[in-house]
Amino acid sequence: MSARKPRSGRTVLIGVILIIAAAVWATVRFTAGSAPKISGATNAERVEYIESFGWDSDTVPSGMEEVRIPSRFDEAYEQYNALQKEQGFDLRKYRACYAKKYTYPIRNFDGADPAVPICANILVIDGAIVGADISSAEANGLVTVLAKK
């Protein structure tokens, strides 16, 4: 029979401190600085959100796809996330998560080439809008914030 060595009070104290620190970190990580949730669970809510910025969009999306937000951001994704931060979003919170990307044609983008469609893209996770942009359909084309400048 082997005798168990009693744990010192110091070891228990360090364990409790680590557990408390982890709980505080998790609470801050998932609550502090988070913008209010913008519901995008329904098509009507997404269209209303787009139109609240003065855009004239179709009432149904021209496309919907599931996209994965990368776990590591390359330079291009860092730039895209900077654009999201301008609007109060931060995709870093959703690294390695899947989002639904809804695309809505925009009809009133000033100066747009009629041959190149301009669209609003809305990213939704668990019924909340977590990102948005206005972009053109051409490679290396326009990508900007949803808010009109």
Side-chain angles (χ1 to χ4, degrees), residues 10-149:
R10 185 174 179 183
T11 304
V12 172
L13 179 62
I14 290 172
V16 169
I17 289 171
L18 288 174
I19 290 170
I20 291 171
V24 168
W25 174 84
T27 302
V28 169
R29 167 103 163 98
F30 294 110
T31 60
S34 62
K37 281 194 172 186
I38 303 166
S39 184
T42 68
N43 186 62
E45 290 171 331
R46 293 186 297 274
V47 169
E48 181 180 330
Y49 183 70
I50 294 166
E51 292 180 347
S52 73
F53 293 98
W55 298 111
D56 181 18
S57 71
D58 283 1
T59 57
V60 294
S62 61
M64 191 284 285
E65 62 183 308
E66 189 168 78
V67 296
R68 184 176 182 268
I69 297 169
S71 56
R72 293 186 183 171
F73 289 7
D74 61 10
E75 184 178 334
Y77 221 90
E78 286 289 357
Q79 291 174 355
Y80 183 69
N81 196 46
L83 179 132
Q84 295 304 322
K85 286 181 175 181
E86 287 182 43
Q87 305 177 105
F89 299 119
D90 186 357
L91 296 177
R92 287 193 165 280
K93 297 175 188 176
Y94 305 102
R95 287 180 286 192
C97 291
Y98 287 90
K100 289 186 180 171
K101 176 181 152 188
Y102 297 90
T103 301
Y104 294 84
I106 297 294
R107 295 186 289 265
N108 63 332
F109 192 89
D110 293 334
D113 179 351
V116 179
I118 301 292
C119 299
N121 297 298
I122 304 294
L123 296 174
V124 178
I125 296 177
D126 295 332
I129 296 173
V130 299
D133 68 73
I134 296 288
S135 63
S136 65
E138 63 188 356
N140 298 320
L142 163 85
V143 178
T144 189
V145 295
L146 204 59
K148 287 186 176 186
K149 293 184 177 185

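By convention here, the first residue in the shown sequence is residue 1.
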Donor-acceptor contact below 3.5 Å, side chain Q87 vs main chain G131: no

Residues Q79, L83; criterion side-chain contact (heavy atoms from CB on, under 4.5 Å); working and verdict: CA-CA 6 Å; Q79 291 174 355; L83 179 132; over 6 Å; no

Partner of I50 under side-chain contact (heavy atoms from CB on, under 4.5 Å), chosen from D58, I129, D56, I106: I106

Side-chain heavy-atom pair P117, P105 within 4.5 angstrom cut-off: no

R107 and S57: CA distance, side-chain angles, deciding distance, side-chain contact (heavy atoms from CB on, under 4.5 Å) verdict: CA-CA 6 Å; R107 295 186 289 265; S57 71; 5.8 Å; no

Side chain proximity check, I134 to I118, heavy atoms < 4.5 angstrom: yes

Student check: side-chain heavy atoms of R95 and P70 closer than 4.5 Å: no

Note, Q84 side chain near D133 side chain (heavy atom, < 4.5 Å): yes

Contact summary for Y77 and D74, nearest pair of heavy atoms: N-OD1, 2.8 Å

Backbone N/O of T59 and side chain of N43: donor-acceptor pair under 3.5 Å: yes

Any residue meeting side-chain contact (heavy atoms from CB on, under 4.5 Å) with A96, in chain and number order, not counting sequence neighbours: R68, S71

Salt bridge flag under 4.0 Å for residues K101 and E65: yes

Ring-face cation of R46 near Y104 (centre distance under 6.0 Å, axis angle within 45°): no

Side-chain heavy-atom pair I69, I125 within 4.5 angstrom cut-off: yes

side-chain contact (heavy atoms from CB on, under 4.5 Å) between D110 and N108, worked out: CA-CA 6 Å; D110 293 334; N108 63 332; 5.8 Å; no

Aromatic plane relationship, Y49 with F53 - under 30° parallel, 30 to 60° tilted, over 60° perpendicular: perpendicular

Residues S135, N121; criterion side-chain hydrogen bond (donor to acceptor under 3.5 Å, both in side chains); working and verdict: CA-CA 8 Å; S135 63; N121 297 298; 2.9 Å; yes

E78, CD: over 12 other non-hydrogen atoms inside 6.0 angstrom: yes

E48 atom CD, over 12 foreign heavy atoms within 6.0 Å: no

Worked verdict on V67 versus Y98 for side-chain contact (heavy atoms from CB on, under 4.5 Å): CA-CA 6 Å; V67 296; Y98 287 90; over 6 Å; no

Minimum side-chain heavy-atom gap F89-L146 below 4.5 Å: no

Side chain to side chain, F73 and L91, heavy atoms closer than 4.5 Å: yes

Qualifying residues under side-chain contact (heavy atoms from CB on, under 4.5 Å), relative to T42, sequence neighbours excluded: A44, E45

